Amino acid sequence: MTPTLPGFEYLRLPGVDGVELETAVGGHGSPVVLLHGFPQTHLMWRHVAERLADRHTVICPDLRGYGASDKPAADSAGVYAKRTMAADVVALAAALGHDRFALVGHDRGALVAFRAGLDHPGTVTHLGILDVVPTLDMWDVLHGVSAAVAFHLYLMAQPPGLPETMIAGSADAFFGSFLDAWAGGSDALPPDVRAAYLRASSAAVPSIVADYRASATVDIEHDRADLDAGTRLTVPVTVLQQDWGARLGYDASAVWRAWAPDLDHRLTEAGHFMAEEAPEEVTAAIRDLLTR
């Protein structure tokens, strides 16, 4: 059986364009939406969600194209644009009666959260970002051999057909390689959770590739338009990430400050799956964010 978040209610909630999102909801208090990364589902928040639920209504959806949420065909560039996925999040929160909420995202979910903060400044009250830089900057900071750490970005940026075929042919090996390489501790991903991630990802190859392909096309266009227009995040922002700046040769704090004037930038010794490896540290960062 697929693991669930203990004590959380599971609902099918409407996104946009007829898409429904599998969502776990628990706790009481001001709303906090948590968005998962790749190659994961909402289960990545199991430790953090439990801690936050003592003071907040915690909302953990599977992003469109992932987990048990709908996986619409990518028949246009906008289907998996982060703008569309951000609109999903606003819609599902509204369906629960929340017209304003704090938003925290990890990895792919952080890119959705970033876009939601730019597109819906009257809705997102606080923004937490775990272990990414914005899409436009992501491509700019990858250079030479160091870019090999992100080979999957280049693979899934290719035109439809080849990436999907290659990944589907060895899905467990492909997705499992990231789960193994990016985890900072061997006990961060228990066997049942790891197996759930592999099942969910293997069943969603076309939509996961479409999500990544959007980050090499339409998402760049949206980021560049905002940068050129001077659009910036107007809410308190906390970024918690590994020291990618030192590894890849850029100033991560400066990259984020260009987008977020009210910034708390933190480095962690945890690996990429920090919400599972260091849930107390991640929870503390979120709690600090929510007091700003």
Side-chain angles (χ1 to χ4, degrees), residues 13-25 31-38 40-42 44-45 58-67 69-72 74 76-138 204 207-208 210-227 229 231-239 256 259-260 286 289:
L13 295 175
V16 295
D17 302 327
V19 167
E20 292 189 342
L21 305 178
E22 182 80 354
T23 307
V25 183
V32 180
V33 179
L34 306 178
L35 304 180
H36 67 85
F38 162 91
Q40 298 166 290
T41 68
H42 73 282
M44 65 153 284
W45 293 110
V58 182
I59 304 164
C60 303
D62 286 340
L63 297 169
R64 71 160 58 196
Y66 289 81
S69 289
D70 287 351
K71 302 169 182 63
S76 70
V79 173
Y80 287 94
K82 303 308 157 292
R83 172 159 288 161
T84 305
M85 297 170 82
D88 281 340
V89 176
V90 172
L92 75 85
L96 291 170
H98 305 298
D99 57 4
R100 287 171 60 80
F101 54 86
L103 183 58
V104 181
H106 172 257
D107 189 81
R108 307 304 295 172
L111 299 179
V112 176
F114 171 73
R115 175 47 53 191
L118 291 171
D119 286 0
H120 305 276
T123 300
V124 177
T125 63
H126 301 78
L127 185 62
I129 300 289
L130 304 187
D131 219 30
V132 296
V133 293
T135 300
L136 183 63
D137 302 285
M138 172 185 72
S207 52
I208 290 175
D211 166 36
Y212 273 86
R213 186 175 288 119
S215 287
T217 53
V218 65
D219 295 340
I220 293 177
E221 297 172 9
H222 293 158
D223 281 10
R224 184 173 289 118
D226 278 331
L227 189 66
T231 306
R232 299 296 183 268
L233 295 165
T234 59
V235 301
V237 177
T238 292
V239 175
W256 272 109
W259 289 99
I286 295 172
L289 167 66

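The structure displayed is predicted, hence computed values, not measured ones.
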Report yes if the side chains of [X] and [Y] come closer than 4.5 Å at any heavy-atom pair, otherwise no.
X: Pro61; Y: Leu35; value: yes
X: Val132; Y: Met138; value: no
X: Thr84; Y: Val79; value: no
X: Val19; Y: Leu21; value: yes
X: Thr23; Y: Ile59; value: yes

Work out which heavy atom in [X] is nearest to a heavy atom in [Y]; give both atom names and the distance.
X: Ala24; Y: His42; value: CB-CD2, 4.0 Å
X: Lys71; Y: Ala204; value: CE-CB, 3.6 Å
X: Ala81; Y: Val218; value: CB-CG1, 3.7 Å

Derivation of the side-chain contact (heavy atoms from CB on, under 4.5 Å) call for Leu233 and Leu118: CA-CA 6 Å; Leu233 295 165; Leu118 291 171; 3.8 Å; yes

Would the distance check show the side chain of [X] and the main-chain N or O of [Y] forming a donor-acceptor pair, the cut-off being under 3.5 Å?
X: His36; Y: Gln40; result: yes
X: Lys82; Y: Ala113; result: no
X: Ser69; Y: Glu22; result: yes

Ignoring hydrogens and angles, write down the donor-acceptor pairs under 3.5 Å from the side chains of residues 89-107, residues two or more places apart or on other chains.
residue: Arg100; atom: NH1; partner: Gly122; partner atom: O; Å: 2.8
residue: His106; atom: NE2; partner: His272; partner atom: O; Å: 2.8
residue: Asp107; atom: OD1; partner: His272; partner atom: NE2; Å: 3.0
residue: Asp107; atom: OD2; partner: Phe38; partner atom: N; Å: 3.0

Just verifying a value: how many Å separate [X] [atom1] and [Y] [atom2], rounded to the nearest 0.5 Å?
X: Arg224; Y: Leu136; atom1: CZ; atom2: CG; value: 5.5 Å
X: Leu130; Y: Ile286; atom1: CG; atom2: CD1; value: 6.5 Å
X: Asp219; Y: Thr217; atom1: CG; atom2: OG1; value: 6.5 Å
X: Tyr80; Y: Met85; atom1: OH; atom2: CE; value: 7.5 Å
X: His222; Y: Thr231; atom1: NE2; atom2: OG1; value: 12.5 Å
X: Leu289; Y: Leu127; atom1: CG; atom2: CG; value: 7.5 Å

Can you name the one residue among Asp226, Val133, Val237, Ile129 that meets side-chain contact (heavy atoms from CB on, under 4.5 Å) with Trp259? Asp226

Could you tell me which residues satisfy ring-ring contact (aromatic ring centres under 6.0 Å, His included) with Trp256, sequence neighbours excluded, listed by chain and number? Phe114

Thinking salt bridges, do Arg64 and Asp70 make one under a 4.0 Å N-O criterion? no

One thing to verify: whether Asp223 and Arg115 come together as a salt bridge, which I'm taking to mean a side-chain N less than 4.0 angstrom from a carboxylate O. yes

Does Arg108 count as lying over the ring of Tyr66, i.e. NZ or CZ under 6.0 Å from the six-ring centre, within 45 degrees of the axis? no

